[in-house]
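Step one of this worksheet: look at the structure below.
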Amino acid sequence: MAPAKKIVFKTKHELAVELAKYTANLSSKFCKERGIFTVVLSGGDLISWLWKLLEPPYADSIEWSKWHIFWVDERVCGWDDADSNYKLAYDGFLSKVPIPAENIYAIDKGLGAEGNAELAAERYEECLKEKVNKNIIRTYKSSGFPQFDLQLLGMGPDGHMASLFPGHDQINEKVKWVTFITDSPKPPPKRITFTLPVINCASYNVMAVCDKEQAHSVAAALTHTKDVPAGRLTADVEVVWFLDQAAASKLKGWCSVL
Ligand SMILES: O=C1O[C@H](COP(=O)(O)O)[C@@H](O)[C@H](O)[C@H]1O
């Protein structure tokens, strides 16, 4: 299990610049080693901090054609719905970089629009299994869980990550790769989500959090308070918390400002 590193930035701007550098370095490592880079996105504010990847020197140097994009969680709705994490990522990031459309794996369009959370979760798990069989996604050691190269995650003020919410049973799932929730405390209620074992198998996990609303949960998560889902985040190689000063303000001894 990788220890959690944390980096505190003076501004969101600086966080975005470092996030781009971190992502580009991993892209180059995995593209060289495997010819493929599997990236998992979350929804929420995270997408707005990816802007630096759309600028020089990254926009032209990243091997976008080798990227494969997945979602750690998705709201069960149509692709064009304002709640859709796919739409958020497409509008803010994916439509601006030349990742081949066939390398972008969104929730099943019909099941999303229909609102069928259970089947949508099953279908997404099948999609992951198919990518494992095609050697696009690696598997984690002997457990057989999928292992993504990089996951870019966010955390809500209540400490939820992906759609694993405090006090809800999805966090305890140990067998399935993808599960669902129909009574999410944060709207919309129907969502699908990677399970904790899948999230924690990733080689590199970045948790990017800004703003003071999240400060209590950041402190709780980084002192491993068990009932805060984000406090259970690990990774195979490295987990790094990218924080702004407001999000880090309740941490004791957070002086490592970059
Ligand atoms: O609902 C969700 O919330 C979390 C956190 O979002 P944020 O707006 O507080 O950054 C997000 O990571 C997740 O993907 C999303 O579905």
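The basis for the numbers below is simple: all heavy atoms, side chains too, and nothing from hydrogens, waters or symmetry mates. Both counts, for ligands and for their atoms, begin at 1 and track the order of listing.
Heavy-atom contacts of Gly156 reach the following atoms of ligand 1: 5 (C), 9 (O) (cutoff under 4.0 Å). Against a heavy-atom cut-off of under 4.0 Å, Ser42 is close to the following atoms of ligand 1: 12 (O), 14 (O).
Residue, atom and distance of the protein heavy atom nearest to atom 10 (O) of ligand 1 are Asp45 N, 3.1 Å. From the protein, the heavy atom lying nearest to atom 1 (O) of ligand 1 is Arg75 NH2, 2.9 Å. For atom 4 (C) of ligand 1, the closest non-hydrogen atom on the protein side is His160 NE2, 3.2 Å. Among protein heavy atoms, the minimum distance from atom 6 (O) of ligand 1 is reached at Lys186 NZ, 3.5 Å.
Ligand 1 lies nowhere less than 4.0 angstrom from a heavy atom belonging to Glu74.
Between His13 and Trp51, the angle of the ring planes lies from 30° to 60°, which puts this pair in the tilted group. Between Trp67 and Trp64, the two ring planes are tilted [angle within 30° to 60°].
Residue contacts with ligand 1 for Arg191 involve side-chain atoms from C-beta outward but no N, CA, C or O (heavy atoms, distance under 4.0 Å).
Inclusion of Asn85 in the set of residues having an N or O under 3.5 Å from an N or O of ligand 1 is warranted. The shortest N or O to N or O distance between Gly44 and ligand 1 is not under 3.5 Å.
With salt bridges taken as basic N to acidic carboxylate O contacts below 4.0 Å, none links Lys12 and Asp244.
Listed by chain and residue number, Lys134 satisfy the salt bridge (charged side-chain N to carboxylate O under 4.0 Å, His left out) test with Glu130 (two or more places apart in sequence, or in another chain).
Within the structure, salt bridge (Lys or Arg N to Asp or Glu O under 4.0 Å) contacts touching residues 34-49 (residues at least two apart or in different chains) are Arg34-Asp149.
Taking the centre and axis of the six-membered ring of Trp177, the NZ or CZ atom of Lys129 falls inside the cone set by 45° and 6.0 Å.
Here the side chain of Thr179 pairs no donor or acceptor atom with the backbone of Gln170 at under 3.5 angstrom.
Scanning Leu152, Asp73, Leu164, Leu46 for the heavy atom closest to atom 13 (C) of ligand 1 points to Asp73.
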